[in-house]
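To start, the structure itself, in structure tokens.
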Amino acid sequence: MIACRLKLTLLGLCCFSSSILADNPIVTHMFTADPTARVFENKVYIYPSTDVVCEEGFGNNGFCMPSYNVFSSSNLHDWQDHGTVVDQSDVPWGKKDGFGMWAPDAIERNGTYYFYFPDIPLDESGFRRIGVATAKSPEGPFTVQDNYIAGVSGIDPNVFIDDDGQAYLYFGGGEKLYVAKLKSNMVELASAPQEIEGLPAKYKEGPFLFKRNGVYYFTFPHSPSGSEELAYATGDNPLGPFKYQGMFMQRWRDGIWTNHHSIVEYENQWFLFYHHHQISQDQHLRSMRADALFFDNAGRIQAVIPTERGIGTPLATAKLQIDRYSMLSDKGVKASKTSGGLLPANWQVDWVENGSWLNYDRVNFEQGKSKKIMVQAASQTAGGTVQVRLGGPQGEIIGEVAISGTGGWKKWQTFEAPLKAKLTGIHNLSFVFLGAEEGYLFNIDWVSFK
Ligand code: FUB
């Protein structure tokens with residue numbers, strides 16, 4: 001999935017850029033957690049923390065988190081990894097081997113980008129202090145301020161600037177969530193932190209506030225019992241009090257305790273960014289994901305169900321990872337992880353039986369240049385046919401690719417057939433798998449329209 005990797009060292013500044021084609025999880029070559037997404041300069045930027053495998057004696061609460069990266073995209077499918085924005089070794093006031101760089105946030109004010117992050121202070125004045133780094137571009141380079149924000153002790157900073165220009169810093173700290181006003185310099189408090197009122201009991205962290213139609217939505221991971229669900233409260237003042245409105249993403253029940261999120265509107269659609277441990281199955285090695293988020297007519301956040309497909313709109317000419325499907329038929333097909341080691345992660349469509357299908361939504365055929373369908377497939381036995389349809393498994397047939405035996409379930413070959421329709425713009429596709437009544441037909445790695 002990593003199409004290219006460039007590393008340039010120019011005048012001592014290190015610029016790094018690596019491109020990624022993403023469904024869910026968004027990043028498969030490293031572990032990324034606590035994603036804060038922001039819209040800057042008409043693109044979505046994500047600032048996640050990074051999880052690494054812990055060496056004995058390092059990190060805490062099982063997490064080993066040395067740094068932050070930044071990723072950007074305009075179609076939410078093709079992401080650029082701009083590399084590390086802040087590393088623990090860059091923080092003048094932080095422990096250089098603390099591995100405690102927990103959830104961050106970023107915001108722009110008057111052309112300066114402010115990056116807020118927790119770190120373990122050298123002066124042992126708290127579990128975490130919150131520092132700020134600044135840059136003139138959302139990608140950096142960021143310069144870390146000499147000291148942490150005085151008067152704040154806690155984790156998971158989140159910053160919101162209201163329409164009147166007043167900035168607010170939200171943060172967590174041992175079950176409670178707090179808010180303080182920030183001065184316009186964005187690095188000093190303008191009021192003492194106060195506990196947010198109106199929230200339900202039990203552990204809460206990861207505050208994220210946004211405003212929609214004049215309503216302040218205060219969202220947070222909450223653990224009423226067991227792992228964290230994503231919940232929210234609403235109010236008419238960024239300082240609160242808020243009224244608890246319930247949960248909008250259920251808690252994980254497969255061995256990961258945390259979830260951590262951000263919510264952003266981009267091109268008239270709201271999106272939820274969050275994390276899970278799908279690649280590693282280790283709750284301390286997480287991967288960021290995203291799905292669309294909707295409000296009902298009364299402004300209530302609708303429950304978000306995690307998908308493999310995610311939020312991007314890939315070009316038809318890309319290698320479409322259809323194992324990151326939008327919908328899978330009830331039986332006769334699976335999407336299995338193929339990577340033996342932890343990273344990079346990859347999946348394939350497999351255990352395919354006659355009559356099964358999958359849908360893969362939102363493929364951009366642009367001006368209609370694609371003339372043929374290409375399928376990367378492997379088949380121990382006789383193969384079969386991949387029928388490509390528009391809109392669903394009963395939709396118009398736009399091509400049929402015959403797959404023959406390749407001599408092994410991992411012996412990949414590219415098969416192709418003409419694309420029968422001149423497609424322009426964005427289409428939802430369906431792939432229907434046909435072949436012998438008995439047995440498995442083929443595996444598929446990717447599909448592309450050239
Ligand atoms: O990633 C470390 C911590 O776990 C975050 O700061 C919390 O919000 C939780 O996700």
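In each ligand, atom 1 is the first atom listed, and ligand 1 is the first ligand listed. Counting begins at 1 with the first residue of the sequence.
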Checklist entry - Is the shortest distance from a Lys or Arg side-chain nitrogen in Glu229 or Arg251 to a carboxylate oxygen in the other one below 4.0 Å? => result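 Looking at Glu229 and Arg251, the cut-off is not met.
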Checklist entry - Are the charged groups of Lys334 and Asp350 less than 4.0 angstrom apart, N to O? => result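 No, no charged N to carboxylate O under 4.0 Å.
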Next on the checklist: Within the 3.5 Å criterion, strictly below it, is a donor on Thr112 or Thr134 matched to an acceptor on the partner's side chain?
Outcome noted: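 There is no such pair (donor and acceptor under 3.5 Å, judged by atom type) between the side chains of Thr112 and Thr134.
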Throw together a table of side-chain donor-acceptor distances under 3.5 angstrom for residues 154-173, partners on residues two or more places apart or in other chains.
unit_1: Asp156; atom_1: OD2; unit_2: Gly206; atom_2: N; d: 2.9
unit_1: Asn158; atom_1: OD1; unit_2: Leu209; atom_2: N; d: 2.9
unit_1: Asn158; atom_1: ND2; unit_2: Asp105; atom_2: OD2; d: 3.0
unit_1: Asp162; atom_1: OD1; unit_2: Lys211; atom_2: NZ; d: 2.8
unit_1: Asp162; atom_1: OD1; unit_2: Tyr216; atom_2: OH; d: 3.4
unit_1: Asp162; atom_1: OD2; unit_2: Tyr216; atom_2: OH; d: 2.5
unit_1: Asp163; atom_1: OD2; unit_2: Lys211; atom_2: NZ; d: 2.9
unit_1: Asp164; atom_1: OD1; unit_2: Gln166; atom_2: N; d: 2.9
unit_1: Gln166; atom_1: NE2; unit_2: Leu182; atom_2: O; d: 3.0
unit_1: Tyr170; atom_1: OH; unit_2: Pro238; atom_2: O; d: 2.7

Checklist outcome for this item: Sequence neighbours excluded, the answer for ring pair (Phe, Tyr, Trp, His ring centres under 6.0 Å) partners of Tyr360 is none
Checklist entry - Does any pair with a residue in residues 24-115 pass disulfide (SG to SG under 2.5 Å), and if so which ones, sequence neighbours excluded? => result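 Listed once each, the pairs are Cys54-Cys64.
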Checklist entry - Which protein residues have a heavy atom closer than 4.0 Å to any atom of ligand 1, listed by chain and number? => result Asp34, Met65, Trp102, Ala103, Asp156, Glu205, Thr258, His260, His275, Arg286
